[in-house]
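Only one structure is covered here, and it is reproduced in the block below.
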Amino acid sequence: VHHCSSAEEQAPTPPERGLFHIWHLQGSSEQLCPERVLLSRPVVQAALGEHHGLLLTQEGQVYSFGELLWRDLRIPASHPVLEVTLLGEMVVRVAAGGFHCGALSEQGSVYMWGENTAGQCGLTERVSEPCPVSVVDNDVVPPAVIRVVDLACGREHSLALSSQNELWAWGSGCQLGLVISTFPVSRPQKVEHLAGKQVIQVVCGAYHSLALVRSLPPQKYNTHNPPKKRERGQSPHCSVPEREELVTVDDSHYCPLGVELSEVMTDEVYILKQRQITDKYICDPLFDYFSYSGMSGPYSFSPGCLEVRLSQEAEKMGLQGLKSSSLTNLNQKGQTATNRRRSLPGTPTHGSPRRRQPCACKPSSTGQTQAPTLEEAGEGLLSLETEVWSWGRGSEGQLGHGDQLARLQPLCIKSLTGEEVIKVAAGSHHSLALTAQCQVYSWGSNMCGQLGHINSPVTVPQQAKLSDGLRVWDMSAGQSHSLLLADGDCVQPILLYCGQQQEPMSVQSDRSHQSQRSCQSSPQRMGYINSVCSGGQSCALLLDHNIMGFISAIHELASRERHFYCWLSNVKKCLLTPLRNRGETVSLLAASFFVRLSVLIGRHATSLSYFLHNLQVHNVTSIKKSLHPFFTEYSKCREEVMCISWLFSGFMFLLSCPILFFEDSTTIADKDLGTLTLKIKSTIKNLGVIFHSVTIEYQSLQQGCSQYEFLSLSLMRRKKEAETTFLFWKMHSGKNTEVLRLPQRRVVCESTNRSLTLLNAGRFSNHWFILFNDALVHTQFSTHHVYPLTCLWNKWLQSLNQAVDQVLGGGVQSSSPVLTAMSRTASYTFTGEGRFKDAQYTGGWLAGRIHGRGTMKWPDGRIYKGIFKNGLENGYGECIIPNKVLNKPDIYEGHWKDGKIHGFGKYKYASGEVYEGCFCDDQRHGYGMLSSGKLARNSSSVFIGQWVQDRKTGYGVYDDITRGEKYMGLWLDDQRHGSTVVVTQYGLYYEGTFKENKMAGSGLLLSDDDTVFHGEFSEDWTINGKGVLSLTNGDSLEGLFSGEWSTGLKVVGTYTKPTVAEPESKDRKNLMGQYVVPADQRWGCVFDECWSRLGCDAAGRGERATAWENIAVAITTARRHSPDLSRSQSKVLESLEFIPQHGEPVTTTNYDNIRRYLLKACETPLHPLGWLVETLVTVYRMTYVGVGSNRRLLRQAVQEVQAYLTHFYSIVRFLFPGLPDDGGIIPDPPGSPTKSRCNSNAADQGSVVVVSCSSLLLPLLLPRLYPPLFTLYCLQVEQEEAQYWERILRLNKQPDQSLLSFLEVQEVFLLLSQIVSSTKEACFVSAVETLQQISTTFTPSDKLLVIHKTFVELTQEVKPMLDGDFLWCMDDLFPLFLYVVLRARIRNLGAEVSLIEDLMDPNIQHGEMGLMFTTLKACYIQIQHETNT
């Protein structure tokens, strides 16, 4: 049921806020009278379609009126019907299309109803009632529901703006902006062409769309090199620094084809002025009406200008005989003033849910502009750097691109870039854009004069020429008309109309006299329009009564600010530009400050305009909140401009006018600055009249008054300082003082009027002390000594202390002089001896020593940027050190301590070498990696390992890329010395000892064809001494050898050929490994660095609490100094900031918590454990990738992984002392029942869990080490794999029945296979597919789990054909499982089996998992030896 409630039907009480009026532009004169919608609730937004409209009340209820074709109803506008379907939702936005409607809830949900023939309602069926439309992003996993903050509707399409500033569309036509050819689009789809851009408003015409997009921030203003004008054909996606250009830009426009459109013609605008009519006694319940009259003037032409006057509403019979006043409230008659203040109708209160949860909507397409919340405004103020994009049909030029072509995708309107557009509106076939300078640009159809000008062409935006003194701040567009709301010469807004006039001119003339008489009315009789709305052939507006002066104060506040910004824009255009062209140095200094001030006031004026549109839903205290960032920045900019204004010819003195209350520029210079600023207090007090003195709102406004009073005192103080300084320079003019004159410098005191005598001065000495606001000057005869106040630490008189505090603390009364003097930011040039001699420093200071973040520059070109502590580099910093020989600098980025490089960092040498690792006292010490650069092509190499005092000492890996050799062993003083393994790209493998960088002593050499030599070496690859040479066929040669391996050997010895009766020779593999560095002794430097990051001097030597504190500090510091982190990375770091419970005993309950923490810690290198994992992966890949990918290194690689786990587990146990030893057990928590567990990482032994380093840490390491390790396994079993794969291919050629019979499968399973299928490879498909997943896993536990699932699937397939108590026996199981392995065709199955066997948790080797793995291994061996008979 859609009807008003009974209370509304009986006697609706008209509110004093949110009054809605509507009138139609077609029909007879009787129909031209405006209709007043009688609702007892304030209307906060209206939306008009072709023949219908929607109203949104303050309580979130939606009303409809007009021709509701989807319900076959015609509802008069004076009695709208309630949409009861939406009663359960708090609606915050409404939108009306051609013949359909939309609503947006507070939660961001979209509801649509009405005509749906083109899919414009986002549904597939007829929609007569509001139905929800899901806006879902299916490109993410899982799909995410999009929160919508704005909605716009056209005739056959709808657009939605998400909270992420993305655009979604549905319906039909090219106006959707979607690259598709199938219509209708019945589900919302994202407009991908605007992806990555920040859309802030979207509107819909009949068949075109407009979007207001926030552009990239402009470049900083440069007074010496101003930005060039925008060239013809420039990309529409460029940034807009032209907005700050001081050169006047002409009105020429360029279409996308480069055709200049510069014709300027006389323009015309239809003006409707809202004025007051004579007071009337409220006798009859009459509706308001508009009176039309012809006007003469330079802008009048047929169809003529219309002057519209809105009369005061008549009240009900119960109020007969009473007059309305702006300072009285008829609905509150008989109540005291105190009660009125507390319960004024329409006054913002804390009880409104719309105010407690501000709507995040942006400017809407319905003619009503929703003000963004302060949180979204970016520091409380809106941005003016915007672009306008358009797309859809362009037959009338409504797209603004200089042609009449359609656009399938959004395209930027180039001529509006940099114009500071703050709102756009779209009529049926024309478009409007409103700028922050209160100018209106229009383009598109102009058949009825709706563009407000007659300029040609209409295919590009043209500025509407309004009467002087009019400043537009709101607008809307209908089918063939435009409605503008502007400031004039009075506080109340003026209504402007552009479009077709329906009545004859004679009718207007008859009403002219009556209209002129109505202008004599008292201003208190009128309301204040806050927004306008258009649609079809209808116009509407929302207005408020002036409740106790509150509404007028708000409008006056916004109007003054808009006026001031327009004036500042004119000053920038007409005054600064000529001065800049003359080369005025002072003007260049002030220009950048002036532009900053101008932009700031423009943003603030725009924010106030948005605030006016939503007086019913905003708290008044939000004005004070928006002013807070404005006060701070305004004071900075204004003071900088004031410092220079006194050196001009007087023009910059105009900027001394206080904002919000700008007066005529010809008289402002004669006003007192403080007096003008104090006027602001009275206006803000008017806002506080409606609040009780104990409310938060009243106190906030009083605080705002205090801020303006402080600003006034500051202006007066600045003026006095400037006058004193002016007199000082006038009295002491001359060449001696000329060098001391600076525009921003002010005199505080000087020794001629305040006696100051130098101690022990000579009898005839002459000393003059001058204290400026930035320096202390000591003058002796003609010599000046200038001491900047920022670098003065001693104390002089009270004036000196106050001046130092003022220049450092900004003169704020609450600032502490002691703290300010102790800690500051300043620039200084060192003159004494030491490291900083003649160096220039800019940054933080503490008690006379550099401390904090700063930059130090030496005369020789050295530069350090980073953290200082107690006068030395300490913390993270970047240093550039010039290298004069190579003419390139050395660059270091990393940590410092006590003025030296200390900690982890990256050093880029001028020679091209790069070292990344640990330092100690300016030397490479600890773990590090040194790689040769591109310049060293003759000796390209990489070393990774341990350093001691800038030399390679300890275990390390050296990859000689030029020679194709990799050395893995011990070092001493930059020389290879000790146990070593060397592999080459030709397949040679050597293990032995090195002495002084040479192969010396016993060693083992293996060639690629498995020839082995075990003997003495004297040089690299040179044999000299006793040895045994074993050939691949089993023959051996023993004796004395000499010569180089690659060129030939001289042998004196015995050749032995074994006989059949002799036993086999000793396995060659047993010879390998005896000269290798033990795995647990490698990479100790890596683990030492991890212990150091935990705050331990050595392994396990440290405080556990200190270790956790270091972890928390490292994570917090990384989050603070890494702004480019992704959302997932930020969440991981945020979770790692909390120190987990680590001191309590570990049970099965909290064991999983430890595992989850370790998993997150290893995901980021910012955590010490994550850095350890990342570094271990680096050294492992450096060792076993490339030349190191040699099959004979497999055993060492496996042992190295196991050593990693042992060392890693010791660190984890230090952090979590409750963990047991390797292979220990974890009991259940006390009192918990025994539960059966099946965990791939823990063995089940009754009520306890067995934990080992492999089960806990292998899942963290092995996936990252898997590629090089598995490659070694494949190389090791390459021959066996070839035999296995040949059998696999041959046996899989047989069908199922033949293969099962060949494998001697039991008959019962053969019958089962016949029942399943007689085709090839149809038996046991589920088990085969499960086993194939073994190649997609990494850890042995995951691979064993796949094997276990395969057995389960195999059992499930045969179980229906067998008895319920069936149990497998190996005779039945092995042939079937062999069939599954054959059909799975697993490549490199031998490598998989070997990896599982080497790294499997020993606690599960003899259990069920071990038995299943043994079965798989037996199948692999059986397949290798299988013969086809």
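Any value given below was found using the heavy atoms of this structure, including those in side chains, with hydrogens, waters and symmetry copies removed. In this chain, numbering begins with 1 at the start of the sequence shown.
- Taking every heavy atom of both residues into account, Met1182 and Val957 meet most closely at O-CG1, 4.1 Å.
- Using a distance-only test at 3.5 Å, with no hydrogens or angles considered, no donor-acceptor pair links the side chain of Ser1255 to the main chain of Val1251.
- Within the 3.5 Å criterion, the main-chain N or O of Lys966 finds no donor-acceptor partner in the side chain of Asp959.
- For the pair Thr829 (side chain) and Gln840 (backbone), a donor-acceptor distance under 3.5 Å is absent.
- Looking only at side-chain heavy atoms (C-beta outward), Leu1257 and Leu1158 come within less than 4.5 Å of each other.
- One finds the CE atom of Met999 at 8.5 Å from the OG1 atom of Thr980 (value rounded to the nearest 0.5 Å).
- Using a 4.5 Å heavy-atom cutoff, the side chains of Thr953 and Gln946 are not in contact.
- For the residue pair Trp1021 and Thr984, the shortest heavy atom distance occurs at CZ2-CG2, 3.6 Å.
- For the pair Arg1264 (side chain) and Leu1260 (backbone), a donor-acceptor distance under 3.5 Å is present.
- The distance from atom CG of Leu1169 to atom NZ of Lys1160, rounded to the nearest 0.5 Å, is 14.5 Å.
- The CG atom of Leu1399 lies 11.0 Å from the CG atom of Leu1261; values are rounded to the nearest 0.5 Å.
- Applying the side-chain hydrogen bond (donor to acceptor under 3.5 Å, both in side chains) test between Glu873 and each of Arg835, His895, Lys900 identifies Arg835 as the sole match.
- The ring pair (Phe, Tyr, Trp, His ring centres under 6.0 Å) with Phe1017 is formed by just one residue from the set Tyr1075, Trp1045, Tyr990, Phe994; it is Tyr990.
- Figure legend: Arg924 and Tyr907 shown without cation-pi pairing, the cationic atom not lying both under 6.0 angstrom from the six-membered ring centre and within 45 degrees of its axis.
- The side chain to side chain donor-acceptor pair (under 3.5 Å) analysis of residues 861-871, with sequence neighbours excluded, yields the pairs Asp860-Arg862.
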Could you walk me through whether Lys857 and Thr842 pass the side-chain contact (heavy atoms from CB on, under 4.5 Å) check?
CA-CA 9 Å; Lys857 297 181 180 180; Thr842 302; over 6 Å; no
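- Taking the centre of each ring, Phe1208 and Tyr1204 stay at or above the 6.0 Å mark.
- Of all the heavy atoms in His1207 and Phe1087, the pair that sits closest is CB-CE2, 3.3 Å.
- Across all non-hydrogen atoms, the minimal contact from Gly905 to Tyr892 is CA-OH, 3.7 Å.
- Aromatic ring pairs are classed by plane angle as parallel below 30°, tilted from 30° to 60° and perpendicular above 60°; the pair Trp947 and Tyr915 is perpendicular.
- Between the side chain of Asp960 and the backbone N or O of Tyr967 there is no donor-acceptor pair closer than 3.5 Å.
- Side-chain atoms of Thr1183 do not come within 3.5 Å of backbone N or O of Arg1181 as any donor-acceptor pair.
- Asp1222 places a side-chain N or O within 3.5 Å of a backbone atom of Cys1253 that can act as its donor or acceptor partner.
- Considering only heavy atoms from C-beta on, Leu1258 comes within 4.5 Å of Val1201 through its side chain.
- Minimum heavy-atom separation, Val1187 to Gly964: CG1-O, 3.8 Å.
- Side chain to side chain, Glu1200 and Trp1083 meet the donor-acceptor criterion of an N or O pair below 3.5 Å.
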side-chain contact (heavy atoms from CB on, under 4.5 Å), that's the test. Do Glu878 and Ile891 meet it? Break it down for me.
CA-CA 7 Å; Glu878 302 177 4; Ile891 301 176; over 6 Å; no
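- Within 6.0 Å of the OH atom in Tyr1266, the count of heavy atoms belonging to other residues, nucleotides or ligands exceeds 12.
- Enclosure of atom CD in Glu1044 by more than 12 non-hydrogen atoms of other residues, nucleotides or ligands within 6.0 angstrom is indicated.
- For the atom pair CG of Leu1194 and CD of Gln1199, the computed distance is 9.5 Å after rounding to the nearest 0.5 Å.
- Ring centroids of His851 and Phe868 are separated by 6.0 Å or more, keeping the two rings apart.
- In this structure the side chain of Leu970 never reaches within 4.5 angstrom of the side chain of His977, judged on heavy atoms.
- Here NE2 of His1014 is found 12.0 Å from CE of Met1072. Values are rounded to the nearest 0.5 Å.
- Annotation: side chain of Val1179 is not in contact with side chain of Arg1082 (no heavy-atom distance under 4.5 Å).
- Applying the side-chain contact (heavy atoms from CB on, under 4.5 Å) criterion to Pro1267, with sequence neighbours excluded, gives no partner residue.
- In this structure a side-chain-to-backbone donor-acceptor pair under 3.5 Å is missing from Arg824 to Trp845.
- Note that the CG atom of Asn874 and the CH2 atom of Trp896 stand 11.0 Å from one another [nearest 0.5 Å].
- Counting heavy atoms from C-beta on, the side chains of Met968 and Leu1193 come closer than 4.5 Å.
- A donor-acceptor pair is defined here as one N or O able to donate and one able to accept, closer than 3.5 Å; no such pair exists between the side chain of Thr1022 and the backbone of Ser1018.
- Side-chain atoms of Ser1254 do not come within 3.5 Å of backbone N or O of Asp1401 as any donor-acceptor pair.
- Minimum heavy-atom separation, Ser979 to Val1077: O-CG2, 3.5 Å.
- Between Tyr1157 and Trp1108, the distance from one ring center to the other falls under 6.0 angstrom.
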For Ile1211 and Leu1094, run side-chain contact (heavy atoms from CB on, under 4.5 Å): C-alpha distance rounded to whole Å, both residues' side-chain angles, the deciding distance at 0.1 Å, then the answer.
CA-CA 10 Å; Ile1211 298 177; Leu1094 294 176; 3.8 Å; yes
Would Arg951 and Val948 satisfy side-chain contact (heavy atoms from CB on, under 4.5 Å), going step by step from the backbone distance to the final call?
CA-CA 5 Å; Arg951 293 177 176 270; Val948 176; 5.9 Å; no
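- Within the 4.5 Å cutoff, no side-chain heavy atoms of Gln1276 are placed close to those of Ser1394.
- Applying the ring-ring contact (aromatic ring centres under 6.0 Å, His included) criterion to Tyr1184, with sequence neighbours excluded, gives Tyr1180.
- Annotation: side chain of Ser1189 is in contact with side chain of Leu1275 (closest heavy-atom distance under 4.5 Å).
- Counted by atom type alone, Glu1016 and Ser1002 present one or more donor-acceptor pairs between their side chains at under 3.5 Å.
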